[in-house]
Amino acid sequence: MTAMAPIILNCMTTVTDQSDYNKHEDSLTNNLVHVKNPHLDTMEEDILYHFNLGTKTHNLPEMFGDIKFVCVGGSANRMKSFAQFIHQELALPGNIDDIRDICEGTDRYSMYKVGPVLSISHGMGVPSISIMLHELIKLLHHARCHDVIVFRIGTSGGVGLAPGTVVVTDKAVDCFFRAQFEQVVLGKVITRSTVLDMGVSEELLQCSSELNNFPTVIGNTMCTHDFYEGQGRLDGALCSFSTEDKLEYLRKAYDTGVRNIEMESTVFAAMCYACGIKAAVICVTLLNRFDGDQITSSHDVLVEYQQRPQVLVAHFIKKHLGLIL
Ligand SMILES: O=P(O)(O)O[C@H]1O[C@H](CO)[C@@H](O)[C@H]1O
Ligand SMILES: O=c1cc[nH]c(=O)[nH]1
């Protein structure tokens, strides 16, 4: 048989033979989660080290095969609270205090499963969430999950918005306002697209107008590699720019459509898109960066703000499960 020419799919996937291509086609049409790594097929066992799970030690299809919604956010406590909240919202049997951390054998991430919903913490910043996403996507793949939607429910700094506003991300952009994510692989820069699922984002906006209890907008989200200098804050341990420089940068960001700033959205969007997973980013703003840099709201106010993306996503999930019309 003559060798087939490589077939280039989107997101820089190169497939070199017909059986691989058929596998990709199959996973696309069945909405399966598809990994883009031929080496995985040759491995006898896959250890998801930071989750303390593995393909030989755990029956992943049995444990996770029914997952339809994955919610991720920075803090372990937030993701535990979300698991307890969604348990109540879905009126599932059992006690919320019995929901246990599936990753308790490691203190890197926390993971809770509540019916078809998985709630996982990812820590702060691109390196932390990207490690979690590699293992999450492999987990969903090994478990043969299909039709999964992944949500990042987080916090952010607002750009020209009142504190407490929820931003559903239109485009995740880098600190040059480009809708792309750059990863250095073997000393070379690979650029991936940060497309998010517009259908999911529009549904989330619809959910927000049905709930009608907090302001929600759609806008671009800027992802930075630092909370202080990287986000133009004047209150870090280091600062080499003036108040005017900061405001000029924020104004530029605003003019390109940026409405909030956080630290994970670009890699989150890029990895989900590359693996054919529908994804959305929903972050509440804790302050308006035109007004300052320090987060001055009280603990109770901040807790309530953090619940807003959770309330929105819970409403979305309940609608999808037919629990509300
Ligand atoms: O609220 P979470 O999900 O932690 O995310 C935001 O908060 C952290 C900074 O305080 C960054 O990780 C940023 O992206
Ligand atoms: O200003 C903020 C607030 C929360 N998270 C961020 O990354 N920036």
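Side chains included, hydrogens not; waters and symmetry mates left out as well; all remaining heavy atoms used. Whatever order the structure lists them in is the order used to number ligands and atoms, beginning at 1.
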Any non-hydrogen atom of L287 lying under 4.0 Å from ligand 2? yes
Report the nearest protein non-hydrogen atom to atom 8 (C) of ligand 1: residue, atom name, distance rounded to 0.1 Å. M124 SD, 3.7 Å
Identify, by atom number and element, the atoms of ligand 1 in contact range of R152, meaning under 4.0 Å from any of its heavy atoms. 2 (P), 3 (O), 5 (O), 6 (C), 14 (O)
Identify the closest protein heavy atom to atom 14 (O) of ligand 1: which residue and atom is it, and at what distance? E264 OE1, 2.4 Å
Whether E182 and R192 form a salt bridge (side-chain N of Lys/Arg under 4.0 Å from carboxylate O of Asp/Glu) is what I want to check. no
Between E262 and R152, is there a salt bridge with N-O shorter than 4.0 Å? yes
M263: numbered ligand 2 atoms lying under 4.0 Å from its heavy atoms: 7 (O)
protein heavy-atom neighbour closest to atom 10 (O) of ligand 1 works out as F227 CE1, 3.7 Å
Could D66 and K113 be called an ion pair, given the rule that one side-chain N must be under 4.0 Å from one carboxylate O? yes
Think R259 forms a cation-pi with Y254, using NZ or CZ under 6.0 Å from the six-ring centre and within 45 degrees of its axis? yes
Candidate list V313, V150, L321, test side-chain contact (heavy atoms from CB on, under 4.5 Å), partner F69, passing option: L321
Do I282 and V284 share a hydrophobic cluster (ILVMFWY, side-chain heavy atoms under 4.5 Å, transitive)? yes
Relative to each other, are the rings of F316 and H320 parallel, tilted or perpendicular (30° and 60° limits)? parallel
Give the atoms of ligand 2, by number and element, whose distance to some non-hydrogen atom of I261 is under 4.0 Å. 6 (C), 7 (O), 8 (N)
Pair F151, F268 - check ring pair (Phe, Tyr, Trp, His ring centres under 6.0 Å), show working. CA-CA 9 Å; F151 305 90; F268 171 82; 9.0 Å; no
cation_pi(R233, F227) dist<6.0 Å, angle<=45: yes
Can you find a pair of side-chain heavy atoms, one from M63 and one from L53, that are under 4.5 Å apart? yes
So is Q306 touching ligand 1 or not, going by heavy atoms under 4.0 Å? no
Would you please say whether a donor-acceptor pair under 3.5 Å links the side chains of T266 and D174? no
Of the backbone atoms (N, CA, C, O) and the side-chain heavy atoms from C-beta on, which set of T224 has a member under 4.0 Å from an atom of ligand 2: side chain, backbone, both, or neither? neither
Sub-4.0 Å atoms of ligand 1 with respect to non-hydrogen atoms of G154: 1 (O), 3 (O)
Which protein heavy atom lies closest to atom 2 (C) of ligand 2, and at what distance to 0.1 Å? G157 N, 3.2 Å
Taking 4.0 Å as the limit for heavy-atom contacts, which would you say applies to R233 with ligand 2: side chain only, backbone only, both, or neither? side chain
Polar atom proximity, Q231 to ligand 2 (N or O, under 3.5 Å): yes
Residue G74 vicinity, atoms of ligand 1 by number, heavy atom under 4.0 Å: 2 (P), 3 (O), 4 (O)
N or O contact, E262 vs ligand 1, cut-off under 3.5 Å: no
Can you report which non-hydrogen protein atom sits closest to atom 1 (O) of ligand 1, along with the distance? T155 OG1, 2.5 Å
Within a distance under 4.0 Å of any heavy atom of T155, pick out the atoms of ligand 2 and give their elements. 4 (C), 5 (N)
